[in-house]
Amino acid sequence: MRNDMVALAALPVVLAIMGRMKPEGFAASGILPVLKPIFEHADGEVLLALARHLSVFYTLMPSDAHGSVLVPLMLRAFDSNNTRAQEETLKALQKLAPDMPYQLLRD
């Protein structure tokens, strides 16, 4: 996914597929390596779309990816000027925080 327009167009399809997966299937599917660059450079509407689905990503990703992929994404959303992405990230964090290990939140 080379640019934001392509990522934004493909993301609903990827999310629909992910919604039907179990964590084992997600790990075996090879989706994470494809999504990782999008997580690292997300901005604008793509960042908002990712923030809206943080709980799906948290559920499906292996625990080692939480700290290396999801936490930086949340920090990017908080640091952005996109107030909608900030709000969505706060909503997701409120739901996810009880399940997240303390060490993950602290680091």
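When reading the values below, keep in mind they use all heavy atoms of this one structure, side chains included, and skip hydrogens, waters and symmetry mates.
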Hey, could you give me the [atom1]/[atom2] distance between [X] and [Y], rounded to the nearest 0.5 Å?
X     : Y     : atom1 : atom2 : value
Met18 : Thr59 : CE    : OG1   : 9.0 Å
His66 : Asp99 : NE2   : CG    : 10.0 Å
Lys22 : Ser29 : NZ    : OG    : 14.5 Å
Leu96 : Thr89 : CG    : OG1   : 10.5 Å

Could you report the tightest heavy-atom contact between [X] and [Y], atom names first, then the distance?
X     : Y     : value
Val34 : Pro37 : O-CD, 3.3 Å
Ala85 : Ala77 : O-CB, 4.1 Å
Gly67 : Pro72 : O-CD, 3.3 Å
Ala92 : Ala51 : CB-O, 4.3 Å

(Q) One thing to verify: whether Glu45 and Arg84 come together as a salt bridge, which I'm taking to mean a side-chain N less than 4.0 angstrom from a carboxylate O. (A) yes

Q | Residues Glu88 and Lys91 bridged, charged N to O under 4.0 Å | A | yes

(Q) Walk me through whether Leu50 and Leu11 qualify under side-chain contact (heavy atoms from CB on, under 4.5 Å). (A) CA-CA 8 Å; Leu50 293 174; Leu11 207 50; 3.8 Å; yes

Q: For the residue pair Phe57 and Phe39, categorise the inter-ring angle as parallel (less than 30°), tilted (30 to 60°) or perpendicular (more than 60°).
A: perpendicular

Q. Hey, mind stepping through Ile31 and Met21 against side-chain contact (heavy atoms from CB on, under 4.5 Å) and telling me if it holds?
A. CA-CA 11 Å; Ile31 293 175; Met21 296 180 108; 3.9 Å; yes

Q: Give the C-alpha distance, both sets of side-chain angles, the deciding distance and a yes or no for side-chain contact (heavy atoms from CB on, under 4.5 Å) between Phe26 and Ile17.
A: CA-CA 10 Å; Phe26 180 77; Ile17 293 167; over 6 Å; no

Q) Does Asn81 offer a backbone N or O that forms a donor-acceptor pair with the side chain of Gln86 under 3.5 Å? A) no

**Q.** Heavy-atom donor-acceptor pair, Tyr58 side chain to Ser63 backbone, under 3.5 Å
**A.** no

Q) Given the rule that I, L, V, M, F, W and Y join up when any side-chain heavy atoms are under 4.5 Å apart, are Val46 and Leu48 in one cluster? A) no

Q) Going through the checks in order, is the side-chain contact (heavy atoms from CB on, under 4.5 Å) test met by Leu73 and Leu47? A) CA-CA 8 Å; Leu73 175 66; Leu47 181 61; 3.6 Å; yes

